[in-house]
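Because the structure is predicted, anything quoted here is derived from the model rather than measured.
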Amino acid sequence: QVQLVESGGGLVQPGGSLRLSCVAPGSIFYINTMDWYRQVPGKERELVASISSRGTANYGESVKGRFTVSRVNAKNTMYLQMNSLKPEDTAVYYCHIDEARDRSARYLELWGQGTLVTVSS
């Protein structure tokens with residue numbers, strides 16, 4: 001089992017900022033596209049942002065101009081900088097990897113455990 005470790009969630013006021021992190025094990029030497037998804041209870045999981053291995057980023061319309069996704073390949077880490085947060089951004093945020101490899105295996109469709117972001121006064 002390859003565990004993706006997410007951190008950075010918490011309670012923030014509207015207009016505030018948070019930075020989420022997702023870290024894959026150091027044994028992984030290849031990761032293709034990484035994504036951030038979010039989900040609220042009873043609703044469909046929503047793609048927030050994605051970033052290719054070369055750093056090309058895409059965003060959902062609701063977060064464009066407010067969120068920035070980045071990655072540091074040498075650290076097996078992806079970040080989501082969230083600015084100008086709104087109550088509608090409240091959700092559990094999940095890290096996703098399409099494909100990863102280490103010396104012994106190929107891994108498809110990896111998910112983190114989720115980190116809760118609550119935007120409220």
**Message:** Working note: F29 + N73, criterion side-chain contact (heavy atoms from CB on, under 4.5 Å); need CA distance, chi angles, decisive distance, verdict.
**Reply:** CA-CA 9 Å; F29 66 81; N73 290 337; over 6 Å; no
**Request:** May I ask whether V119 and V63 are part of the same hydrophobic cluster, defined by side-chain heavy atoms of I, L, V, M, F, W, Y residues being less than 4.5 angstrom apart, directly or through others?
**Result:** yes
**Message:** Please list all pairs meeting salt bridge (charged side-chain N to carboxylate O under 4.0 Å, His left out) that have one or both residues in residues 103-121, counting only residues at least two apart or in different chains.
**Reply:** E99-R106
**Request:** Could you tell me which non-hydrogen atom of S62 sits nearest to which non-hydrogen atom of E46, and how far apart they are?
**Result:** OG-OE2, 3.5 Å
**Message:** Give me each pair satisfying salt bridge (charged side-chain N to carboxylate O under 4.0 Å, His left out) with a member in residues 76-98, each pair once, sequence neighbours excluded.
**Reply:** R38-D89, R66-D89
**Asked** So which heavy atom on P14 is nearest to which on S121, and how close?
**Response** CD-OG, 3.6 Å
**Request:** Measure the spacing between CZ of R101 and CG of L108 and express it to the nearest 0.5 Å.
**Result:** 9.5 Å
**Prompt:** Are V117 and V69 connected in the hydrophobic side-chain network, where two residues link if heavy atoms are under 4.5 Å apart?
**Reply:** yes
**Sidechain-backbone polar pair: N58 side chain, S50 backbone, donor-acceptor under 3.5 Å** = no
**Request:** Tell me whether Y107 is reachable from M34 by hopping between hydrophobic residues (I, L, V, M, F, W, Y) whose side-chain heavy atoms are closer than 4.5 Å.
**Result:** yes
**Message:** Show the nearest heavy-atom pair for residues Q39 and K43, with the distance to one decimal.
**Reply:** NE2-O, 3.0 Å
**Asked** Using the ring of each side chain (for Trp, its six-membered ring), is W111 parallel, tilted or perpendicular to Y37, with breaks at 30° and 60°?
**Response** tilted
**Item:** Co-membership, hydrophobic cluster, residues L4 and V72, 4.5 Å side-chain
**Value:** no
**Message:** Using the rule that Ile, Leu, Val, Met, Phe, Trp and Tyr join whenever any side-chain heavy atoms are under 4.5 Å apart, tell me whether Y79 and Y59 fall into a single cluster.
**Reply:** no
**Item:** Nearest non-hydrogen partners of L20 and G9, listed with the distance
**Value:** CD2-N, 3.6 Å
**Fill in**
Looking only at heavy atoms, the pair that brings P25 and N76 closest together is O-ND2, 2.7 Å
**Item:** Where at least one partner belongs to residues 20-36, residue pairs that pass side-chain hydrogen bond (donor to acceptor under 3.5 Å, both in side chains), sequence neighbours excluded
**Value:** D35-H96
**Asked** What's the shortest heavy-atom distance between A24 and I31, and which atoms?
**Response** CB-CD1, 4.0 Å
**Message:** Out of the candidates T90, T118, L18, only one should pair with V12 under the side-chain contact (heavy atoms from CB on, under 4.5 Å) rule; please name it.
**Reply:** L18
